[in-house]
Every structure is written in C-alpha cells, then in structure tokens.
Amino acid sequence: GQNIDQPTEMTATEGAIVQINCTYQTSGFNGLFWYQQHAGEAPTFLSYNVLDGLEEKGRFSSFLSRSKGYSYLLLKELQMKDSASYLCAVRPDSSNTGKLIFGQGTTLQVKP
Amino acid sequence: DSGVTQTPKHLITATGQRVTLRCSPRSGDLSVYWYQQSLDQGLQFLIQYYNGEERAKGNILERFSAQQFPDLHSELNLSSLELGDSALYFCASSGGIGANVLTFGAGSRLTVL
C-alpha cells in the first residue's frame with residue numbers, strides 16, 4: 001500500500017521559519033513533490049526531490065532522505081500569503097505513469 | 001492561469017443523476033490525470049490517460065468513467081450520483097508519460113443534493 005503522513009495543522013508567526021515534515025511508505029519511489037494549495041484553489045507546484053539532499057528555491061527549500069522515507073519543506077521569512085495547505089506527494093512508479101500519491105496536507109496558518 | 005482548463009467550475013445536481021466534467025490539458029501535454037478532493041480527504045488519484053490510452057487507475061468507482069479524445073481533452077463521467085460524491089474534482093496534465101510536474105486546473109466543484 002501507499003502511506004504518506006504529514007501533520008494536519010501548523011501555526012507560525014510572520015517573518016519566522018517553519019518546517020513541515022512528511023514521511024512516506026510507498027510501493028516504489030521515483031520522486032517526492034511539494035505543492036501549495038490555497039483553500040478552494042488548484043494545487044501549485046513548489047519543489048521536487050529525487051536524490052537525497054536539500055533543494056533550495058528562494059524562500060522555500062525541500063529536503064529528502066530516501067533511506068528514512070522522510071522529507072521536509074522549509075519556509076523562511078514567512079508572509080501572510082503563505083497561509084495555505086502544503087501537500088506532500090510521492091511518485092511511486094518509475095515506469096509508464098507519472099501519477100502522484102498525495103498526503104492529506106498540512107494546513108499552515110501564519111499569524112501577524 | 002495554469003493552462004489547464006476545466007468546465008464547469010460549479011455544478012449542483014441531485015442524487016441518482018449523471019454529470020460530465022471536462023478538461024483541456026496544457027498545450028503540448030499528452031497526459032491527463034483526474035483527482036477527487038473531498039473535505040475530509042486529501043487528493044485521491046482516480047485515473048490517468050496518455051495520448052488517448054488509459055495508463056493508470058486508482059480508486060475510481062465503477063460508477064465513474066473517463067476517456068481522452070483525439071484532441072487530448074478528457075471527460076470524467078459520474079453516474080448514479082450519491083451525496084458522498086460531492087467534492088472538488090481536479091484535472092492535471094503533464095508533458096509525457098513520466099514527466100515530473102503535474103499542472104492542475106482550477107477544479108470542478110460538484111455538489112450532490
């Protein structure tokens with residue numbers, strides 16, 4: 001089966017740093033993705049990791065450890081507009097499908 | 001605008017009815033994916049098509065079916081609707097069979113009364 005776990009909710013303060021963790025147990029692994037989703041809107045792509053290590057993109061960074069089945073998304077210099085749901089997703093198949101399996105999402109509330 | 005177009009944006013119907021949701025992928029993308037997002041669940045993968053052929057199937061109910069047409073647009077048909085089918089239905093597209101990034105449309109919100 002496929003299992004992707006992330007905290008349900010987190011709260012942080014504007015200007016601070018927050019780390020959202022994700023653990024996964026999937027039948028296969030061919031990449032881990034983070035998406036941002038504002039309420040009622042489409043998920044938008046944030047980051048992708050397929051090898052171990054840290055990927056940095058502006059205020060957002062994502063880390064992967066394949067041996068531990070673990071990833072985190074790090075958001076720096078939090079802004080109010082970062083209040084959203086953050087979805088961790090794994091692509092379990094390396095063959096002929098690019099389907100993603102998503103976790104339940106972490107709702108982040110940024111407070112002034 | 002992500003380039004993935006979904007219609008209708010909102011749909012209200014009654015139990016037992018049938019609806020069709022439509023998706024046009026980004027220009028050049030050959031793969032289309034359908035996902036369901038209910039209030040109490042995350043994004044659930046339903047089905048994927050690549051260049052007109054079914055590539056992967058997820059937790060799609062037998063009452064649901066989909067297809068991808070020669071012009072690459074896709075339709076998701078939901079029949080014998082139940083209250084529990086009320087959800088946001090997202091379509092996503094990507095450039096190839098195993099391309100990395102899925103780009104999502106704005107979704108179709110289905111309410112079954």
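In this text the structure is predicted, and so the values were computed from the model without any measurement. All heavy atoms count here, side chains included; hydrogens, waters and symmetry mates do not. First the proteins, then the strands, lettered A, B, ... as listed; each starts at 1.
Hydrophobic clustering (side-chain heavy atoms under 4.5 Å, transitive across Ile, Leu, Val, Met, Phe, Trp, Tyr) groups B/Val101 together with B/Phe104. One hydrophobic cluster holds both B/Trp34 and B/Phe64 under the rule that ILVMFWY side chains link at heavy-atom gaps under 4.5 Å. Transitive grouping of hydrophobic side chains (ILVMFWY, heavy atoms separated by less than 4.5 Å) keeps B/Leu76 and B/Val4 in distinct clusters. No path of Ile, Leu, Val, Met, Phe, Trp and Tyr side chains, each step under 4.5 Å between heavy atoms, connects A/Phe33 with A/Leu74, placing them in separate hydrophobic clusters. Tracing side-chain contacts under 4.5 Å through hydrophobic residues (I, L, V, M, F, W, Y), one never reaches A/Met10 starting from A/Ile17; they form parts of separate clusters.
The neighbour count for B/Leu39 CG, taken as heavy atoms of other residues, nucleotides or ligands under 6.0 Å away, does not exceed 12. When the shell of 6.0 Å around CD of A/Gln25 is examined, it contains 12 or fewer heavy atoms from other residues, nucleotides or ligands. More than 12 heavy atoms of other residues, nucleotides or ligands lie within 6.0 Å of CG in B/Asp71, so this atom counts as buried by the packing criterion.
Judged by distance alone, with hydrogens and angles left aside, the side-chain atoms of A/Tyr35 form a donor-acceptor pair with the main-chain N or O of B/Leu102 at under 3.5 Å.
In terms of heavy-atom pairs under 4.5 angstrom with chain B, the leader among A/Val50, A/Leu87, A/Ile4, A/Leu100 is A/Leu100.
In plain terms, the two heavy atoms of A/Ala42 and B/Ala106 that are nearest each other are CB-CA, 4.1 Å.
The OH atom of B/Tyr35 lies 8.5 Å from the NZ atom of A/Lys99; values are rounded to the nearest 0.5 Å.
Scanning residues 83-92 of chain B against chain A with a 4.5 Å heavy-atom cutoff picks out B/Leu88, B/Phe90, ordered by number. Proximity to chain A among residues 11-18 of chain B is not found for any residue, judged by heavy-atom separations below 4.5 angstrom.
Contacts of B/Gln6 with chain A are absent, with no heavy-atom separation under 4.5 Å from either backbone or side chain.
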Return all side-chain donor-acceptor pairs below 3.5 angstrom for residues 52-63 of chain A, not counting sequence neighbours, or 'none' if the list is empty.
from: A/Asp52; atom 1: OD1; to: A/Arg66; atom 2: N; distance (Å): 2.9
from: A/Asp52; atom 1: OD1; to: A/Arg66; atom 2: NE; distance (Å): 3.0
from: A/Lys57; atom 1: NZ; to: A/Leu46; atom 2: O; distance (Å): 3.0
from: A/Arg59; atom 1: NH1; to: A/Lys76; atom 2: O; distance (Å): 3.0
from: A/Arg59; atom 1: NH1; to: A/Glu77; atom 2: O; distance (Å): 3.2
from: A/Arg59; atom 1: NH1; to: A/Asp82; atom 2: OD2; distance (Å): 2.8
from: A/Arg59; atom 1: NH2; to: A/Asp82; atom 2: OD1; distance (Å): 2.9
from: A/Arg59; atom 1: NH2; to: A/Asp82; atom 2: OD2; distance (Å): 3.3
from: A/Ser62; atom 1: OG; to: A/Ser47; atom 2: OG; distance (Å): 3.1
from: A/Ser62; atom 1: OG; to: A/Asn49; atom 2: OD1; distance (Å): 2.5

Hey, can you pull the donor-acceptor pairs under 3.5 Å for the side chains in residues 102-112 of chain A, sequence neighbours left out?
from: A/Gln104; atom 1: OE1; to: B/Gly42; atom 2: N; distance (Å): 2.7
from: A/Thr106; atom 1: OG1; to: A/Gln6; atom 2: NE2; distance (Å): 3.0
from: A/Thr106; atom 1: OG1; to: A/Pro7; atom 2: O; distance (Å): 2.5

